[in-house]
Engineer: 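I have a structure here, written as structure tokens, and I will follow up with some questions on it.
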Amino acid sequence: MRQNRDFMADPLSLLARRLSPAFAAVAGAEVDPVVRPSEHADAQVNGALALAKTLGKSPRDVVALVLEHAGDMSDVCSDMQVAGPGFVNVVFTDRFLAEQLSLAMRDSLLGVAPVDSKRKFVVDYSAPNVAKEMHVGHLRSTIIGDALVRMLSFVGHEVVRENHIGDWGTPFGMLIEHLVDLGEADAAHELGVGDLDGFYKEARRKFDADDTFKERARTRVVALQGGDEDTLHLWKTLVSESTKYFNHVYGLLDVLLTDDDLAGESKYNTLLPEVVQRLSRLKMLVESDGAEVVFPEGYTNRDGDPLPLIIRKGDGGYNYATTDLACVIDRVEKIGADVSLYVVGAPQAQHLQMIESVSRAAGWLSDNSAMVHVAFGSVLGADRKMLKSRSGDAVKLASLLEEAVDRANRAITEKNPEMADAQREEAARMIGIGAVKYSDLSSDRVKDYVFDWDRMLSFEGNTAPYLQYAHARICSIFRRADIRREAVRTVVPTLDAPQERALTLRLLQFDSALWDALDKYSPHRLCTYLYELASEFTTFYEHCPVLRADSEELRDSRLFLCDSTARIMNAGLSVLGIRAPEMM
RNA sequence: GCCCCCGUAGCUCAGUUGGAUAGAGCAACGGACUUCUAAUCCGCAGGUCGCAGGUUCGACUCCUGCCGGGGGCGCCA
């Protein structure tokens with residue numbers, strides 16, 4: 001996945017590449033030098049330990065041989081010490097680090113390697129339901145999906161966003177009838193202002209309580225599926241008013257999704273009969289209990305019997321499995337996707353596995369098309385149970401986001417009262433929304449996470465405001481000195497202070513941090529890096545005066561480090577979908 | 001019953017694919033502001049990595065079996 005190019009920002013990657021031929025010569029085959037960060041030096045090389053076993057030599061002997069083959073490394077390393085059972089502790093030369101950083105900062109991707117072979121990704125995320133409130137599950141999918149889209153685009157992949165909204169199915173009978181009862185104008189208003197939950201619940205209540213209404217709903221579903229013009233018109237009202245509301249939330253959230261990305265379930269309607277035909281032709285379709293199903297291998301139900309994927313229900317209708325299969329066909333054959341990412345909650349794991357299994361068996365997914373479930377856990381409240389509002393309903397997303405901005409606004413007002421209103425409000429949006437997004441992105445997505453306002457908006461620890469604060473402080477330095485950021489970008493820094501060195505080393509690891517996060521579709525790995533960068537910077541900031549440095553050369557060198565940090569922080573937050581205010 | 005995910009400091013979380021003495025933040029304690037933004041920093045503590053085996057030079061990491069929590073398992077999506 002990574003580009004094999006001459007310039008690599010990360011000194012660890014570069015060291016690994018430099019040592020690779022030496023290891024190969026000693027091992028007689030290509031082996032990983034296993035270069036890792038170290039507590040004892042800038043890096044440690046562990047490859048000799050594993051190699052010793054296969055060669056039947058002592059690790060230290062292997063180290064000696066490798067270093068002999070490596071030859072003169074003094075352009076890169078000022079020290080290489082063998083330690084412990086056979087580690088090599090490596091210290092990079094200051095000059096090498098400074099020049100690497102200087103090169104990285106001239107690079108448009110700030111040292112991040114672009115992809116070697118560009119691939120087309122379809123990212124399926126967000127997926128709210130029409131006429132139904134967006135909840136924290138959609139929040140996670142939207143935030144994680146959007147971050148992955150940005151990260152993939154940053155390194156040069158082609159990315160297609162797909163918002164698979166729930167705009168079709170049996171509930172639409174009752175929703176449309178409720179719309180009719182309310183009158184189109186009033187219903188549109190209710191949905192438009194975001195009272196989706198009230199709308200849905202009232203429809204549901206009538207459906208459960210009133211047999212006449214229930215019958216009307218059933219008739220309406222038939223009319224909808226039959227393409228009745230009036231019904232379609234009403235349905236479109238529901239969809240357009242809902243998407244208007246979704247767009248409002250997306251605007252608050254500052255995500256990339258637009259109407260162009262909508263790929264609702266209804267879009268695949270015409271493909272559904274074809275899914276049946278194709279499966280039938282392949283003799284994969286089986287009749288079971290009145291339904292037409294496929295039995296993918298290796299799945300059983302609670303009685304130990306084969307577990308089916310239901311393609312066509314007993315009543316002749318289709319369900320979501322059929323739509324998902326149609327979706328696979330569409331993505332592979334029409335869009336030409338190489339990789340399809342499903343940013344969907346962890347409980348869907350089995351369903352998606354079955355979809356993949358059937359798709360592969362049917363030949364729709366070849367060996368070079370990947371389907372990846374980017375799973376995530378639930379959002380929990382302070383009580384460690386699924387996050388709910390006081391009334392026990394799902395927490396309304398829009399109000400949650402407004403509360404985030406409001407809380408951020410209050411925090412800024414308290415800490416920085418002299419800030420102008422307009423500026424404060426802009427910063428509050430970036431900080432509040434950034435806090436919500438970052439708290440979601442910064443821990444391993446597959447685990448459940450605890451939603452905690454005080455923690456996510458704290459300026460201490462691994463939070464968005466802490467990272468944003470580091471960025472804002474840098475901007476402040478340049479403002480105060482009235483120096484243009486671009487003016488220091490040709491500097492090659494001097495790295496006398498340990499804090500300058502540590503910061504530089506960290507800056508150079510943006511490349512590997514981003515790729516590491518991308519390889520696992522785990523944005524939290526990039527978050528961890530940015531947090532470490534912010535920590536490293538604040539340490540530097542405390543110990544190394546910039547504007548009051550002893551010489552102009554030193555001042556410019558430190559300004560360069562500041563600018564580099566701000567650029568990488570900004571780029572890193574940006575690919576996570578988070579903005580960095582210049583003042584806060 | 002079968003399958004999937006999770007279990008690391010009092011709390012919230014990392015842990016770079018098997019490397020040295022398991023790291024942060026919060027909370028607790030002790031320090032540092034006529035400041036380039038103290039929204040910060042420095043220090044000090046805090047652990048049977050759920051339990052028990054196994055694999056090997058080496059295991060939080062891989063394998064097996066338990067325990068605990070969550071989730072999924074035929075016509076909702």
Engineer: With nearest nucleotides of RNA chain B determined for Leu49(A) and Ser288(A) from heavy-atom distances, which residue corresponds to the more 5′ nucleotide?
Structural biologist: Leu49(A)

Engineer: Output yes when at least one side-chain N/O atom of Lys313(A) is less than 4.0 Å from OP1 or OP2 of C76(B), else no.
Structural biologist: yes

Engineer: Take atom P in U21(B) and the same atom in C67(B), then report the distance between them in whole Å.
Structural biologist: 34 Å

Engineer: Choosing from G70(B), A39(B), G58(B), which nucleotide comes nearest the side chain of Lys53(A)?
Structural biologist: G58(B)

Engineer: Applying a 4.0 Å non-hydrogen cut-off, can you work out what Gly314(A) is touching in the nucleic acid: base, sugar-phosphate, or nothing?
Structural biologist: base

Engineer: Identify which nucleotide among A20(B), C75(B), A77(B) has an atom closest to any side-chain atom of Asn129(A), counting heavy atoms from C-beta outward.
Structural biologist: A77(B)

Engineer: Within the 3.5 Å criterion, strictly below it, is a donor on Asp61(A) or Ser58(A) matched to an acceptor on the partner's side chain?
Structural biologist: yes

Engineer: From CZ of Arg548(A) over to C1' of U37(B), roughly how many Å is that when rounded to an integer?
Structural biologist: 12 Å

Engineer: Can a side-chain donor-acceptor contact be found between Asp324(A) and His351(A) if the only test is distance below 3.5 angstrom?
Structural biologist: yes

Engineer: Of all the choices, G74(B), C6(B), G58(B), which nucleotide is nearest to the side chain of Leu307(A) once you look at every atom?
Structural biologist: G74(B)

Engineer: Counting only heavy atoms not in Asp550(A), do more than 12 sit closer than 6.0 Å to its CG atom?
Structural biologist: no

Engineer: What is the distance, to the nearest angstrom, from the CG atom on Leu514(A) to the P atom on U16(B)?
Structural biologist: 18 Å

Engineer: Could you tell me if Gln509(A) and Asp511(A) have a donor-acceptor pair between their side chains, going purely by distance under 3.5 Å?
Structural biologist: no

Engineer: I want to know whether Phe540(A) and Phe537(A) have ring centres closer than 6.0 Å.
Structural biologist: yes

Engineer: Counting distance alone, no hydrogens or angles: does the base of A77(B) have a donor or acceptor under 3.5 Å from a partner atom on the side chain of Glu265(A)?
Structural biologist: no

Engineer: To the side chain of Arg479(A), which of C73(B), U40(B), U37(B) is closest?
Structural biologist: U37(B)

Engineer: Can you measure Phe540(A) atom CZ to U37(B) atom P for me and round it to whole angstrom units?
Structural biologist: 14 Å

Engineer: With respect to the side chain of Asn416(A), which nucleotide from C13(B), A14(B), A39(B) is positioned closest?
Structural biologist: A39(B)

Engineer: What about Tyr320(A): does its side chain form a donor-acceptor pair under 3.5 Å with the base of A77(B)?
Structural biologist: yes

Engineer: C75(B), OP1 or OP2 - any side-chain N/O from Arg312(A) closer than 4.0 Å?
Structural biologist: no

Engineer: Return yes if a side-chain donor-acceptor contact under 3.5 Å exists between Ser442(A) and Asn462(A), otherwise no.
Structural biologist: no

Engineer: Counting the atoms with a prime plus P, OP1 and OP2 as sugar-phosphate, which does Arg525(A) contact under 4.0 Å by heavy atoms, base, sugar-phosphate, or nothing?
Structural biologist: sugar-phosphate

Engineer: What's the closest nucleotide to the Phe87(A) side chain, out of A20(B), U40(B), G71(B)?
Structural biologist: A20(B)

Engineer: Are Lys447(A) and G7(B) close enough that a side-chain N or O sits under 4.0 Å from OP1 or OP2?
Structural biologist: yes

Engineer: A77(B) P sits how many Å from Met174(A) CE, rounded?
Structural biologist: 12 Å

Engineer: Determine the contact category for Ala291(A): base if any of its heavy atoms lies under 4.0 Å from a base atom, sugar-phosphate if only primed atoms, P, OP1 or OP2 are that close, otherwise nothing.
Structural biologist: base

Engineer: Taking the side chain of Pro37(A) as its heavy atoms from C-beta onward, which of U16(B), G74(B), U12(B) lies nearest to it?
Structural biologist: U16(B)

Engineer: Please determine which of Ile165(A), Asp330(A), Thr323(A) meets the side chain to side chain contact (heavy atoms under 4.5 Å, CB included) test together with Lys267(A).
Structural biologist: Asp330(A)

Engineer: Can you tell me, in whole Å, how much space there is between the C1' of A59(B) and that of A22(B)?
Structural biologist: 12 Å

Engineer: Rounded to the nearest Å, what distance is computed from the CD1 atom of residue Ile412(A) to the P atom of nucleotide U37(B)?
Structural biologist: 17 Å

Engineer: To the side chain of Ile310(A), which of A77(B), C75(B), U37(B) is closest?
Structural biologist: C75(B)

Engineer: Applying a 4.0 Å non-hydrogen cut-off, can you work out what Ser476(A) is touching in the nucleic acid: base, sugar-phosphate, or nothing?
Structural biologist: base

Engineer: Looking only at side chains, do Arg525(A) and Tyr529(A) share a donor and an acceptor under 3.5 Å apart?
Structural biologist: no

Engineer: Between C1' on G25(B) and CG on Leu530(A), what's the gap in Å once rounded to a whole number?
Structural biologist: 16 Å

Engineer: For Asp315(A), report the nucleic acid contact type (base, sugar-phosphate, nothing); a contact means any heavy atom under 4.0 Å.
Structural biologist: nothing

Engineer: Rounding to a whole Å, what distance do you find between Phe459(A):CZ and G25(B):P?
Structural biologist: 18 Å

Engineer: Side chain of Thr539(A): nearest nucleotide among U12(B), A20(B), C41(B)?
Structural biologist: C41(B)

Engineer: Please report, rounded to the nearest Å, how far the P atom of U12(B) is from the CG atom of Leu457(A).
Structural biologist: 19 Å

Engineer: Determine the interatomic distance between C1' on G15(B) and the same-named atom on A20(B); round to the nearest Å.
Structural biologist: 15 Å

Engineer: For U21(B), take OP1 and OP2 only and decide whether either is under 4.0 Å from a side-chain N or O of His40(A).
Structural biologist: no

Engineer: Determine which nucleotide pairs with C73(B), using a 3.5 Å limit on both distances of a Watson-Crick or G-U wobble pair.
Structural biologist: G1(B)

Engineer: Can you identify which nucleotide, out of A24(B), A77(B), A39(B), has its nearest atom closest to the Tyr469(A) side chain?
Structural biologist: A39(B)

